[in-house]
Amino acid sequence: MAVDVASRVFRPAKRNGEVPWRPRSHFVEYGLALDLEGNVIDEVLAVPMLAPRSYTREDVVELQCHGSDVCLRRVLRACLEAGARLAEPGEFTLRAFLNGRLDLSQAENIGRLISAKSVAAADSALAGMQGGFSALVKGLRKQCIELLAEIEARLDFEDELPALDSSILIDKINLMWYDVQQALDTANYDKLLQSGLQIAIVGRPNVGKSSLLNAWSKSDRAIVTEIAGTTRDVVEAHVTVQGIPVTLLDTAGIRETDDLVEKIGVQRSEAAAMGADVIIMTISASDGWTEDDKKLMEHLQMNQMSTSFATPIILVINKIDCAPSITEELFEVDTGIFKKHVCTCAVTGQGIVELEKAILEVRGLDSIPAGGRRWTVNQRQCEQLLRTREALSRLKSSICEELPSDFWTIDLREAVLALGEISGVDISEEVLSSIFSKFCIGK
Amino acid sequence: MRLRLRPMAAAAAAAAVASPIIPSFLHPSRRFCLRLSLSMPRSTQRCFSSRSCVPCRRLTTVAASAKGDIEGVEERFDVIVVGGGHAGCEAALASARLGARTLLLTLNIDRIAWQPCNPAVGGPAKSQLVHEVDALGGEIGKIADRCYLQKRVLNLSKGPAVRALRAQTDKREYAMEMKKVVESTPNLFVREAMVTEILVGNNDKVEGVHSFFGVDFYAPSVVLTTGTFMSGKIWVGRASMAAGRAGESASQGLTENLQYLGFETDRLKTGTPARVDRRTVDFSGLEPQHGDEQVSWFSFDPDFHIEREQMCCYLTRTTKDTHKLIKDNLHETPTYGGWVEAKGPRYCPSIEDKIVRFQDKESHQIFLEPEGRNVPELYVQGFSTGLPERLQLALLRTLPGLENCLMLRPAYAVEYDYLPAHQCSRSLMTKKIEGLFFSGQINGTTGYEEAAAQGLVAGVNAARHSCGSPLIVLERESSYIGTLIDDLVTKDLREPYRMLTSRSEHRLLLRSDNADSRLTPLGREVGLIDDRRWDLYQSKQAHILEEKQRLKSVRVSGGDLAAEVTLLSGQPVKDSVSLESILKKPHVQYNVLDKHGYGNNLLTRMEKECVEIDIKYEGFILRQQSQLQQIVNQQHRPLPDDLDYYSMTTLSLEAREKLSKVRPQTIGQASRVGGVSPADITALLICLETNRRKASERKRLKSQRSFITDVNDLNSSPVLTSHAVNSN
């Protein structure tokens with residue numbers, strides 16, 4: 001079809017070219033684009049990619065025109081007149097999917113690549129397209145099906161087969177479980193790639209929160225003075241930590257105050273701390289762990305308890321330059337509260353890198369290789385991976401509890417179903433509606 | 001004038017013997033009769049009711065015509081069943097019991113319900129089929145319960161869904177008992193005849209069959225159960241003869257007729273081992289295999305639970321000598337010698353297949369099974385072979401215990417014609433010819449149980465078709481019968497199909513113990529379950545329900561029971577724990593409750609088993625039910641009959657061809673058609689969804705333009721379906 005249309009529009013420059021045009025796959029040919037009356041409308045390069053070696057696994061011909069709107073429009077019109085039609089949004093990818101060139105998760109990644117807002121997001125979509133994740137899912141599904149076959153064969157033909165070694169079986173299942181868990185970990189990263197992280201910097205007045213924000217974002221976003229309580233409102237700054245967009249929130253120092261404006265600022269600080277993904281509790285190295293710091297922490301923890309959700313807190317010991325030799329007792333603060341502690345100097349920028357690393361660690365992102373060039377899973381895939389993981393866990397306990405082998409097959413089959421949904425092998429209503437929402441079909 | 005379709009080849013063959021090709025206009029009486037039947041309104045012509053079981057149409061005797069020549073008797077029925085094997089018997093019995101005037105045509109009345117191969121019924125997966133047929137009011141389970149020589153429950157440790165009852169049967173007694181039932185069933189007429197032709201009327205509707213000796217039998221429904229007889233040919237080594245079984249003539253001519261009618265036929269092969277004289281076998285060194293002390297039953301009907309004395313089977317093994325003899329003579333076997341091309345079953349391999357395929361296995365188990373109480377024959381299970389007869393005795397004598405044995409019958413293979421079953425819909429009615437049904441080995445299966453299961457479905461549907469009722473379909477997930485038929489009609493099977501446990505994806509829901517709760521209500525609805533059976537069924541279900549409630553409410557603290565439960569399960573028992581929770585603990589069975597006086601003496605063993613399984617494995621059962629639901633929602637989506645697969649360019653070429661050929665009725669079926677990939681199914685779903693959206697868009701526009709509403713439902717084929725049921 002594509003070749004038919006192209007041969008009506010394209011005339012190769014080679015004089016003794018065959019009629020009709022017989023394209024050679026993956027071979028660039030120079031020639032003229034003609035309209036239906038035979039008028040030359042542009043000089044073009046034709047790039048034929050014949051089935052199945054093309055994006056869609058169907059015949060594809062690309063015409064490369066001169067970079068002008070007029071040329072492009074005229075060639076396009078000639079193609080339409082020659083019998084082509086405009087592709088629906090996403091149609092090429094849909095065809096690639098339907099022709100088995102891409103599985104559903106790869107197709108989804110193409111959508112993500114096109115809409116990627118950051119380099120890291122684009123990288124992860126690319127990695128997904130290249131099939132790392134698909135290969136993993138396919139591999140896991142294959143393993144499950146093989147296990148299923150092994151077990152089921154023994155239901156019908158026990159005499160002819162050696163008995164299953166359940167410890168080997170458990171090992172296999174553990175490996176699969178681990179793979180699933182690893183893939184699940186990336187879900188977190190994927191979500192952060194899309195939505196970013198919110199980090200609230202809290203602490204007593206005058207411990208250098210605003211300086212930290214300025215040093216980190218390499219700006220003068222926040223006003224810094226010697227006067228305690230300078231920052232009254234929440235100040236935002238944006239940085240990128242390993243490809244993840246991070247919003248820093250500088251907050252008013254939290255203390256008992258009668259100043260109405262400062263009071264509101266303190267309330268806002270607390271609210272910011274509550275809504276953040278990570279809290280950075282800042283103290284001053286020169287003052288050490290003070291009674292006020294302790295009170296503030298207790299207050300924060302009270303708030304957290306009421307929401308029953310524990311935001312990870314990192315202790316930052318700022319102004320490290322003012323107290324070069326940190327005494328041990330500084331670290332004797334209750335380590336249970338803080339996931340990590342980092343020493344920084346906002347003036348020199350010392351410790352910022354360590355702080356970023358600590359943030360990645362507390363969010364469980366440290367396993368992501370630098371540059372973030374790795375596939376991630378989206379919400380739909382994540383749900384099915386969770387389903388797989390649960391099934392594998394139950395399978396393990398069935399084997400350990402020595403339930404009859406027929407019961408093992410029930411959870412294995414569950415895992416197969418879940419994995420099949422990820423790549424679109426097993427079609428469910430959700431998969432179908434996902435396809436219809438992503439591609440524009442038959443309107 | 002009536003159209004008679006006759007293939008030229010068959011016509012020539014038939015003409016040579018009997019000459020039945022007199023044009024119908026030379027039969028004035030037949031014409032007269034035909035006109036009569038055509039003018040009869042449909043309602044009076046087919047008016048038996050499936051409940052009342054009153055046949056309304058009597059044997060039609062047509063008097064001589066005005067000219068005075070004696071033309072004979074016109075034989076009219078509601079249903080004709082061709083073949084008297086395990087499919088044919090179930091089909092004929094079901095049909096007759098539904099009140100249809102049924103004719104059973106067989107080549108030899110003395111061989112009705114013969115067991116030409118294994119003298120056994122049941123075994124893994126097959127036993128589920130038997131229980132299911134029984135739950136629907138079929139016969140096979142009752143006859144097996146009545147004629148058993150030995151019974152054993154297999155796979156006890158693999159879980160309740162895999163447990164399987166197997167009975168060795170007395171093969172002569174079995175045939176006799178089934179024959180008695182067939183002969184004493186009202187509405188059922190038996191006749192010896194070789195059918196050579198299907199009579200087809202206008203609109204591709206079946207009208208009856210024509211026999212080799214020139215008689216026409218008329219009925220609006222015909223069930224073919226030809227077994228291994230259609231163009232059958234038996235082989236012993238290189239020697240072959242036309243035969244359906246050893247000593248019985250094959251059926252000739254029907255294949256050509258079916259081909260002429262447009263059916264695709266193909267060839268399959270199966271085999272049966274030698275029989276030896278038990279008086280010449282030395283059992284002293286062989287491992288005996290006794291039956292279960294506590295006998296289990298196929299039938300849900302307690303009237304058939306009559307215990308009898310059991311016989312013993314024996315276990316022997318192949319030896320080095322066996323393997324050497326076979327390896328040295330492989331070229332003498334049909335498969336490896338290359339003179340039989342038809343495919344044999346992978347799941348029931350000949351001994352040479354086993355030795356070639358499992359090279360590293362030094363020995364294979366061989367079972368010696370009695371064929372009856374009063375006959376010396378022993379069936380040598382696992383030892384079928386295509387070797388020539390002159391080598392067979394030597395081969396048998398390599399087995400321990402058989403060193404001096406005498407052979408009574410040689411092993412032989414049989415080749416026969418079958419019709420790939422994608423030509424049937426799930427009702428087992430053919431897609432081409434209305435009123436024509438296939439069941440049993442003609443559909444490519446092997447095994448008495450598979451045959452019986454199909455026979456029952458075909459018989460019910462033949463009867464329903466003859467009176468204009470909608471046909472029944474058993475969904476795949478409703479039963480092993482449904483799974484069997486779904487596999488047959490969707491997959492392109494090229495080897496004999498045997499039912500296996502693993503073929504059923506949701507087997508935990510399709511257990512032997514709950515076959516009645518899954519299918520007896522359908523049997524009742526159809527009309528095969530009488531009031532007595534229905535009352536039995538209902539009281540059983542009530543008992544189970546009450547007992548479950550009792551176990552939930554009765555609580556115990558400490559005592560002997562708790563101590564034993566702790567011991568058995570290795571888990572502590574809390575105070576005031578319900579009997580239900582105790583039963584859920586690992587390794588604790590209902591008999592523990594019995595032992596400590598917490599059981600319910602009013603329950604039968606079968607009822608206790610149902611209660612135990614439902615409670616003990618509740619979590620798994622629920623999980624499988626939800627898996628099933630997920631699949632069912634998607635897979636039961638119907639496919640319109642008139643889908644043009646060739647126009648769906650997003651489907652692969654192979655999928656377009658296969659789907660056009662098989663014409664699946666649902667998405668689930670389509671996904672199981674060979675050569676159809678998951679991507680094809682996605683594409684198909686997208687096409688359907690697109691069509692649906694377009695249609696609803698058109699509808700919307702139309703209703704905007706005018707007030708005329710168009711109510712045109714695509715899916716109008718009236719099919720009564722049984723859904724996956726599991727009432728816990």
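These values consider heavy atoms only, across backbone and side chains, with no hydrogens, waters or symmetry-generated copies. Just so we're on the same page: letters track the sequence lines, and every chain starts at 1.
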| task | Go through the atoms of R101(A) and report whether side chain, backbone, both or neither lie under 4.5 Å from a heavy atom of chain B. | result | neither

| message | Under the criterion side-chain contact (heavy atoms from CB on, under 4.5 Å), I'd like the reasoning laid out for E401(A) against H587(B): C-alpha separation, chi angles, the key distance, then a yes or no. | response | CA-CA 10 Å; E401(A) 283 171 25; H587(B) 310 297; over 6 Å; no

| field | Under 4.5 Å from any heavy atom of chain A - which part of P124(B) | value | side chain

| query | Nearest 0.5 Å, what's the CG-CD distance between L417(A) and Q627(B)? | reply | 5.5 Å

| Enclosure of Q181(A) CD (heavy-atom neighbours >12, cutoff 6.0 Å) | yes

| task | Specify the closest pair of heavy atoms between G159(B) and P404(A), including all atoms of both residues, with the distance to one decimal. | result | N-CB, 3.2 Å

| field | Qualifying ring-ring contact (aromatic ring centres under 6.0 Å, His included) pairs with a residue from residues 378-421 of chain A, counting only residues at least two apart or across chains | value | F407(A)-Y617(B), F407(A)-F620(B)

| query | Just wondering, more than 12 heavy atoms not from F92(A) lying within 6.0 Å of its CZ? | reply | no

| query | Can you tell if the side chain of R394(A) reaches within under 4.5 Å of the side chain of R623(B), non-hydrogen atoms only? | reply | yes

| task | Kindly check if the number of other-residue, nucleotide or ligand heavy atoms within 6.0 Å of NZ (K172(A)) is above 12? | result | no

| Considering residues, nucleotides and ligands other than Y178(A), do more than 12 of their heavy atoms fall under 6.0 Å from its OH? | no

| query | Quick one: what part of Q635(B) sits under 4.5 Å from any heavy atom of chain A, side chain, backbone, both or neither? | reply | neither

| remark: Rounding to 0.5 Å, atoms CG (L94(A)) and CD1 (I686(B)) come to a distance of 5.0 Å

| message | Looking at Q571(B), I want to see if its CD is surrounded by more than 12 non-hydrogen atoms of other residues, nucleotides or ligands under 6.0 Å. | response | yes

| message | Counting only non-hydrogen atoms closer than 4.5 Å, does S157(B) touch chain A with its backbone (N, CA, C, O), its side chain (CB onward), both, or neither? | response | backbone

| said: Can you tell me which portion of L403(A) sits under 4.5 Å from chain B's heavy atoms? Options are side chain, backbone, both or neither. | reply: side chain

| query | Any Lys/Arg nitrogen of R503(B) or E152(A) sitting under 4.0 Å from an Asp/Glu carboxylate oxygen of the other? | reply | no

| query | Under a 4.5 Å heavy-atom cutoff, which of I151(A), L155(A), L148(A) has the most pairs with chain B? | reply | L155(A)

| query | Does any non-hydrogen side-chain atom of I410(A) lie less than 4.5 Å from one of L508(B)? | reply | yes

| Top contributor to chain B contacts, counting heavy-atom pairs under 4.5 Å, from E402(A), R387(A), E58(A) | R387(A)

| What heavy-atom pair brings E505(B) and R413(A) nearest, and what distance separates the two atoms? | O-NH1, 3.1 Å

| query | Within the distance-only criterion (no hydrogens, no angle test), does the side chain of Q624(B) pair as donor or acceptor with the backbone N or O of D411(A) below 3.5 angstrom? | reply | no

